[in-house]
Amino acid sequence: MKKIIQNIGLSLIISLMTACSEEINLDIPQGIPRLVVDGKIELNVETNETVVNVKLSTTAAYFDGGEPPFLSEVSASIYDETGTIYPLTAQAPGIYGNRDLNGTIGAAYRLVITWNDERYEAETILLPVPMLQDIHQINQEATFFDDAGIKLAVDFQDPVQEKNYYHFEQYRNDSLLLTPTNGNQFQLIIKDEFFNGQMVESYIPGDEFSFLPGDLGRVKMRSLDKKAFNYYKLFYEKSVDEPSFIVGETPPVAIKGNIINQTTPDHYGLGYFLATQITTRSTNIE
């Protein structure tokens with residue numbers, strides 16, 4: 001009798017679950033597409049070469065998926081502080097550059113974009129970066145947070161009596177290694193608050209990644225100003241796809257960079273335009 005009652009109860013639960021299953025279609029507003037900029041002027045401290053790379057796209061609907069729409073009908077140029085204009089031309093879909101611009105330490109640069117009859121501007125100053133003096137591998141043992149494996153570490157001398165901010169990128173066989181984790185805002189971007197003017201040895205810019213013998217490992221380090229540091233820090237914090245257990249946490253909001261709409265200020269752009277000096281070191285993993 002008890003078994004019969006259990007079977008009847010199970011059947012009722014299944015019936016209720018199937019009866020309550022109904023497909024609901026929601027009409028979610030698309031919103032106005034916004035300009036998205038990922039722009040960099042990078043002066044290489046080792047080779048003194050300058051690379052201009054400006055990626056232009058627009059926002060898309062939340063459930064569209066795939067790559068954001070790249071911009072083709074757009075006018076973009078970079079102005080230096082002398083008034084010289086460097087027109088940006090398409091190098092690939094959505095990627096614009098200029099091979100005539102030679103970066104200068106301490107110089108100011110202004111990005112001007114005209115899109116949809118609106119003018120966007122962003123300003124930045126090219127800051128120096130200390131050279132990476134060494135790169136080497138560390139055989140790290142397993143910890144509570146990270147797996148064991150071969151990690152990349154770098155050495156550099158922080159300038160004395162200056163507030164400096166740095167951003168690191170790590171590559172394995174020329175593939176950028178980046179995952180949205182809580183450690184990104186503490187390892188990929190740092191400030192010299194606790195090591196000002198000191199020699200920094202064996203700094204690991206990303207211990208969540210391991211390398212294998214035969215891999216080519218590379219680390220890129222770039223300078224940031226305080227505003228860019230705060231932008232990247234907030235960007236990495238909001239990119240973490242992990243559940244939050246904080247009651248009353250502030251809901252996600254758009255992360256504003258330095259892209260200003262001069263025509264319609266409320267229709268601001270997203271992203272950041274950065275002029276920076278970079279230093280890179282590579283090593284073959286043994």
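Between Glu169 and Arg222 there is a salt bridge, with a side-chain nitrogen of the basic residue lying less than 4.0 Å from a carboxylate oxygen of the acidic one. Classification of Asp192 and Lys163 as a salt-bridged pair fails, no side-chain N sitting under 4.0 Å from a carboxylate O. Salt bridge annotation for Glu42-Lys40: absent, with no cationic side-chain nitrogen under 4.0 angstrom from a carboxylate oxygen.
Between Tyr166 and Phe195, the two ring planes are parallel [angle under 30°; tilted spans 30° to 60°]. Between Tyr232 and Tyr236, the ring planes lie tilted relative to each other; the angle falls in the 30° to 60° range.
Around the CG atom of Asp117, the shell of radius 6.0 Å holds no more than 12 heavy atoms that belong to other residues, nucleotides or ligands. Applying the 6.0 Å contact sphere to CD of Glu73 captures no more than 12 heavy atoms from other residues, nucleotides or ligands.
The hydrophobic clustering, which links ILVMFWY residues whose side-chain heavy atoms are closer than 4.5 Å, places Ile204 and Ile189 apart. Taken together through direct or relayed side-chain contacts under 4.5 Å among Ile, Leu, Val, Met, Phe, Trp and Tyr, Leu274 and Tyr231 form part of one hydrophobic cluster. Taken together through direct or relayed side-chain contacts under 4.5 Å among Ile, Leu, Val, Met, Phe, Trp and Tyr, Leu132 and Val200 form part of one hydrophobic cluster. Residues Leu127 and Leu188 do not share a hydrophobic cluster, defined by chaining ILVMFWY side chains whose heavy atoms lie under 4.5 Å apart. Under the 4.5 Å side-chain heavy-atom criterion for Ile, Leu, Val, Met, Phe, Trp and Tyr, Val45 and Phe156 are members of distinct hydrophobic clusters.
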Would Lys226 and Lys191 count as a side chain to side chain contact (heavy atoms under 4.5 Å, CB included) if you check the C-alpha gap in whole Å, the side-chain angles of each, and the deciding distance to 0.1 Å?
-> CA-CA 9 Å; Lys226 185 176 181 179; Lys191 55 183 177 179; over 6 Å; no

His136 vs Ser202, side chain to side chain contact (heavy atoms under 4.5 Å, CB included): CA-CA, chis, key distance, verdict | CA-CA 8 Å; His136 50 275; Ser202 297; 3.1 Å; yes

Going through the distances and angles, do Asp80 and Thr82 end up as a side-chain hydrogen bond (donor to acceptor under 3.5 Å, both in side chains)?
-> CA-CA 5 Å; Asp80 66 14; Thr82 67; 2.7 Å; yes

For Asn258 and Lys227, run side chain to side chain contact (heavy atoms under 4.5 Å, CB included): C-alpha distance rounded to whole Å, both residues' side-chain angles, the deciding distance at 0.1 Å, then the answer.
-> CA-CA 9 Å; Asn258 60 348; Lys227 184 176 180 180; 3.9 Å; yes

Checking side-chain hydrogen bond (donor to acceptor under 3.5 Å, both in side chains) for the pair Gln133/Asp155: CA distance, chi angles, key distance, verdict?
-> CA-CA 6 Å; Gln133 298 185 13; Asp155 302 341; over 6 Å; no

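Within the 4.5 Å cutoff, the side chain of Asn164 has heavy atoms near those of the Pro159 side chain. Taking 4.5 Å as the limit, every side-chain heavy atom of Thr280 sits out of range of all side-chain heavy atoms of Met221. Residues Tyr79 and Val112 have side chains in contact (heavy-atom distance under 4.5 Å, counting atoms from C-beta outward). Side-chain contact between Gln170 and Leu152 is present, with heavy atoms from C-beta onward closer than 4.5 Å. Within the 4.5 Å cutoff, no side-chain heavy atoms of Pro130 are placed close to those of Thr279. Looking only at side-chain heavy atoms (C-beta outward), Arg218 and Arg281 stay at 4.5 Å or farther from each other. The side-chain heavy atoms of Asp225 and Ile125, taken from C-beta on, include no pair separated by under 4.5 Å. The shortest side-chain heavy-atom distance between Ser57 and Pro69 does not fall under the 4.5 Å cut-off.
Judged by distance alone, the side chains of Glu49 and Asn44 never bring a donor and an acceptor atom under 3.5 Å apart. For Thr283 and Gln137, the side-chain atoms include no donor-acceptor pair closer than 3.5 Å. In this model, no donor atom of one side chain and acceptor atom of the other lie less than 3.5 Å apart for Gln277 and Ser223. Of the N and O atoms on the side chains of His167 and Thr276, not one donor lies less than 3.5 Å from an acceptor on the other residue.
Put simply, the side chain of Gln187 never gets that close to the backbone of Pro205: no donor and acceptor are under 3.5 Å apart. Looking only at distances, a side-chain donor or acceptor of Gln91 sits under 3.5 Å from a matching main-chain atom of Thr89. A donor-acceptor contact shorter than 3.5 Å is absent between the side chain of Asn261 and the backbone of Tyr268. Distance alone, capped at 3.5 Å, is enough to place a donor-acceptor pair between the Asn173 side chain and the Leu216 backbone. A distance-only check finds no donor-acceptor pair linking the side chain of Asn116 to the backbone of Glu118 [under 3.5 Å].
Listed here is the closest heavy atom pair of Gly217 and Ile135: O-CD1, 4.3 Å. Asp215 approaches Arg172 most closely through the heavy-atom pair OD2-CD, 3.7 Å. Between Leu224 and Ala228, the shortest heavy-atom distance links the atoms CD2-CB, 4.0 Å.
Summarising the geometry, atom CD1 belonging to Ile32 is positioned 10.0 Å from atom CG belonging to Asp266; distances are rounded to the nearest 0.5 Å. Atom CD of Glu121 and atom CD of Gln262 lie 4.5 Å apart (nearest 0.5 Å). Here the straight-line distance linking atom CD of Glu162 with atom CG of Asp158 works out to 8.0 Å at 0.5 Å rounding. Taking OH of Tyr165 as the start and CD of Glu193 as the end, the distance is 8.5 Å to the nearest 0.5 Å. Taking CE of Met131 as the start and CD of Gln157 as the end, the distance is 13.0 Å to the nearest 0.5 Å.
Relative to the ring axis of Phe209, Lys151 does not place its NZ or CZ within 45° and under 6.0 Å from the centre.
If you chain together ILVMFWY residues whose side-chain heavy atoms come under 4.5 Å of each other, Ile78 ends up grouped with Leu35, Val37, Ile41, Leu43, Val52, Val54, Leu56, Leu71, Val74, Tyr86, Leu88, Tyr96, Leu101, Ile105, Tyr109, Leu111, Ile113, Trp115, Tyr120, Leu126, Ile259, Phe273.
Contacts of Ser175 classified as side-chain contact (heavy atoms from CB on, under 4.5 Å), with partners at least two apart in sequence or in another chain: none.
Ring centers of Phe168 and Tyr203: under 6.0 Å apart, within the cut-off.
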